[in-house]
Amino acid sequence: MKPRIKEMIREAVHALSQEGAIKTANLPEIIIEKSRKDEFGDFATNVAMLLTPLEKRPPREIAALIAHKVAASALVKKCDCAGPGFINIFLKEEFWFSILKEILDRGAEFGRCDVGKGKKVLLEFVSANPTGPLHIGHGRGAAVGDALARILGAAGHEVTKEFYVNDIGKQVFTLGRSVYYRCLELQKEKKEVIDGFLQRLQDDYYKGAYIRDVAEEYLARLGGKGETLDANLSNLPQENWFVINSAGYALISFAKGRLLDAIKKDLADFGVEFDGYFSEASLYKPRNIVDETIASLKDSGFAFDDDGALWLKTMELANDDKDRVLIKADGAKTYLASDVAYHRDKLDRGFDILVNVWGADHHGYEARIRAALKAFGHDPDKLRIIFIQLVALLRNGVPVPMGKREGEFVTLRQVMDEVGTDACRFFFLMRKSDAQLDFDLELAKSQAPENPVYYVQYAHARIKSIMAHAGDAALGIDADALNLLKEKDEINLIKHLALFEEAVERAAVEMEPHRVTYYLTELAGIFHPYYNKHRVVTGDPGLTAARIQLCKAAATVIANGLTLLGVSAPDKM
RNA sequence: GCGCCUGUAGCUCAGUCGGAUAGAGCAACUGCCUUCUAAGCAGUGGGCCGGGGGUUCGAAUCCCUCCAGGCGCGCCA
């Protein structure tokens, strides 16, 4: 819609320059905005102010010239200048009816665009360790990542959703030990054996109740195969547990597989589906991609030896505070080494844009990955990191205690089950992701006007209900009937529907899904008053038909928007 | 100490590629269900946009500085 207006301005300026009325032939990047007040027309542009320094004339003088030209356009009712040099454009109703027609014609396609130009995007999100259930923070990341995938897709990108699984390293050992400890308990092992093992853990084990469930399943599985728990495991040192002992390896494999399945189940129920799960272990076997990556970094001179360790030149590459270690003095690779290799692999797979959705506490890590991209000869701006701030869970305004240490953190599952996936996702998408989010469980559940989820969904259900009530009156209407929509509220509603395209485009370009949430809340805030003021189904068949079309377009836009958020658009509530 | 994020109405937050008189929801108060869904609507009050300086026709928005809060600065993952 705005491109049409912009083109109109461009033509006017071009014509003026041909006539010699102004000097500038090609426009700077002008802004077209929807006017905030009726007296400022439908759209306003700052073009005259931007031309002022080039033309060396007062903005109002230039504005007057342009306004005069624009006023002659076919779809323009009136065009004048105001304030410091704004040009206010008043469009004829026909313009808005043509937009309405377009929305009805495009249906589910309305809102899609091609700013992405088919670029291949790898969107990595959630990437939780397979050592426990997803908590509420992961939920926010999941909601944001998934909505972003949908939005980028709608804006013409080719999106791949990936979950990076940290299935090797210290924390899966901790997982194994934790499960083993619960196994000993369940077997009612001698007190001194349990205490001895617990002593060795030095409080470094997962304490959540789910560990016990996994332990129970594991024992049952062993029993089913006629095997018993390997008692020797309790004597082994912590670090090399699974490397030197096949029983330990089996236990860890079982536990992390079990927990990853649980994570997948949570995500599926949350409406999030990944295109792929990328295993960190797969970077080491069957091919050792990490070693290959490190070798290439050495070759290119971006990695160097010092103090017995191997370092990546992150200071030189990305202005990091210090260089970072890839291989420790003891020969072990760091987590960063894996991650650098992983990102090289992403690039090798031919993606144009890499988007990572990370917890905000990882922001110090950004420079390191950016450095890696640069070391591989890629533009570091290919990488875009979306940081997710904390979620503060409240109940009736009172904070819900969250202490991961004691294993009593709130899981996504609990919240999802309590408030429903629609409300849960919508709430996660209400704020921009780098702002802390207050999530009130009672508010999310409440079926009251203060709950924005239902406010939007209700508008959709209402329209569907009206259409059901209208029955055949809604059918078989030709486009000309639309000009029966004479009410200011109706034109205003169409105007807002038209803005959906821009909301989606902006959400995609800025990678800010919350813009869609806001847009929908505003749209519902325009529809509900319209519904209350004007009756759709009346004795006048023509007007009824026209209004049904308007409502239908509104329902379409709401449904399209909610779909982008991964929230349902119910026909009945 | 250095880096990143945040500071806008009583509360939670939009608006931040510079634009006209700074917006919404909640909370508070007053009304509206015999009529297409009251999970709704109409109305009222509410602001040194953290402070100060600068840039210019114009600053919540850009620059500098200070203040307050959060996070990060491991040969952890």
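Just the heavy atoms: all of them, side chains too, but no hydrogens, waters or symmetry mates, feed the values below. Chain A is the first sequence line, chain B the second, and so forth, proteins listed ahead of strands; every chain is numbered from 1. The structure displayed is predicted, hence computed values, not measured ones.
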side-chain N/O [X] vs [N] OP1/OP2, d < 4.0 Å:
X      : N     : answer
A/H514 : B/A24 : no
A/R324 : B/C73 : no
A/R368 : B/C73 : no
A/Y458 : B/A39 : yes
A/Y519 : B/A14 : no
A/Y455 : B/C26 : no

Please measure how far the [atom1] atom in [N] lies from the corresponding atom in [M], and state the result in whole Å.
N     : M     : atom1 : value
B/A42 : B/C63 : C1'   : 46 Å
B/G58 : B/A20 : C1'   : 10 Å
B/A24 : B/G46 : C1'   : 14 Å
B/C75 : B/U65 : C1'   : 39 Å
B/G31 : B/G19 : P     : 42 Å
B/G43 : B/G52 : C1'   : 40 Å
B/A14 : B/U6  : P     : 9 Å
B/U12 : B/A22 : P     : 23 Å

For [X], answer base if it contacts any base atom (sugar-phosphate contacts may also be present), sugar-phosphate if it contacts only those atoms, and nothing otherwise; contact means non-hydrogen atoms under 4.0 Å.
X      : value
A/H363 : base
A/A44  : base
A/N88  : base
A/F387 : nothing
A/T334 : sugar-phosphate
A/D440 : nothing
A/D571 : base
A/H534 : base

The side chain of [X] lies closest to which of these nucleotides: [options]?
X      : options             : result
A/E33  : B/C57, B/A20, B/C36 : B/A20
A/D434 : B/G19, B/U6, B/C75  : B/U6
A/D307 : B/G74, B/C41, B/C75 : B/C75
A/R462 : B/C36, B/C5, B/A38  : B/A38

- Listed partners of A/Y365 passing ring pair (Phe, Tyr, Trp, His ring centres under 6.0 Å), at least two apart: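 A/Y365 satisfies ring pair (Phe, Tyr, Trp, His ring centres under 6.0 Å) with A/W358 once adjacent residues are dropped.
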- Under 3.5 Å: donor-acceptor pair, side chain of A/S282, backbone of A/F278: no
- Kindly assign one of parallel, tilted or perpendicular to the pair A/F304 and A/W311, based on the angle between their ring planes and the thresholds 30° and 60°. parallel
- Message: Go nucleotide by nucleotide along RNA chain B from the 5' end; which of A/E522 and A/D321 gets its closest nucleotide reached first?
- Response: A/E522
- So which one's nearest nucleotide on RNA chain B is more toward 5', A/F86 or A/D323?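 Residue closer to the 5' terminus by nearest nucleotide: A/F86.
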Identify, with sequence neighbours excluded, every residue that meets side-chain contact (heavy atoms from CB on, under 4.5 Å) alongside [X].
X      : value
A/Y206 : A/T131, A/Q171, A/T174, A/L175, A/S178, A/Y210, A/I211
A/N319 : none
A/E418 : A/R395, A/L441, A/E442, A/K445
A/D434 : A/K432

- Query: Hey, does A/L564 have a side-chain heavy atom less than 4.5 Å from the side chain of A/L562?
  - Reply: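 The answer is no; the side chains never approach within 4.5 Å.
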- Message: Just so I know, are the side chains of A/L310 and A/V325 near enough to count as touching, which here means a heavy-atom distance under 4.5 Å?
- Response: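 Side-chain contact under 4.5 Å: no.
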- Query: Hey, where does RNA chain B pair up into stems, meaning at least three consecutive Watson-Crick or G-U pairs with distances under 3.5 Å?
  - Reply: B:1-7 with B:67-73, B:10-13 with B:23-26, B:28-32 with B:40-44, B:50-54 with B:62-66
Restricting to nitrogen or oxygen on both sides, can you table the protein-nucleotides 10-13 of chain B pairs closer than 3.5 Å?
{"from": "B/U12", "atom 1": "O3'", "to": "A/D438", "atom 2": "OD2", "distance (Å)": "3.4"}
{"from": "B/U12", "atom 1": "O2'", "to": "A/R431", "atom 2": "NH2", "distance (Å)": "3.0"}
{"from": "B/C13", "atom 1": "OP1", "to": "A/Q436", "atom 2": "O", "distance (Å)": "2.8"}
{"from": "B/C13", "atom 1": "O2'", "to": "A/R431", "atom 2": "NH1", "distance (Å)": "2.9"}
{"from": "B/C13", "atom 1": "O2'", "to": "A/Y518", "atom 2": "OH", "distance (Å)": "2.7"}

- Item | Ring-base stacking, A/F40 with B/A20 (5.5 Å, 30° cut-offs) |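 Yes, the aromatic ring of A/F40 stacks with the base.
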- Task: Name all residues meeting the side-chain hydrogen bond (donor to acceptor under 3.5 Å, both in side chains) criterion together with A/D345; count only those two or more places apart in sequence or in a different chain, and write none if there are none.
- Result: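 Testing A/D345 for side-chain hydrogen bond (donor to acceptor under 3.5 Å, both in side chains), a comparison that skips the adjacent residues, returns A/R349.
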- Item | Distance, rounded to the nearest Å, where A/I385 contributes CD1 and B/G3 contributes P | 19 Å
- If you look only at pairs with a residue in residues 531-540 of chain A, which of them pass as a salt bridge (Lys or Arg N to Asp or Glu O under 4.0 Å), with sequence neighbours excluded?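 Found A/D489-A/K533.
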- Would you mind checking if A/D204 and A/R177 are paired as a salt bridge, meaning a charged N to carboxylate O distance below 4.0 Å?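 Judged by the 4.0 Å cut-off on N to carboxylate O distance, A/R177 and A/D204 do form a salt bridge.
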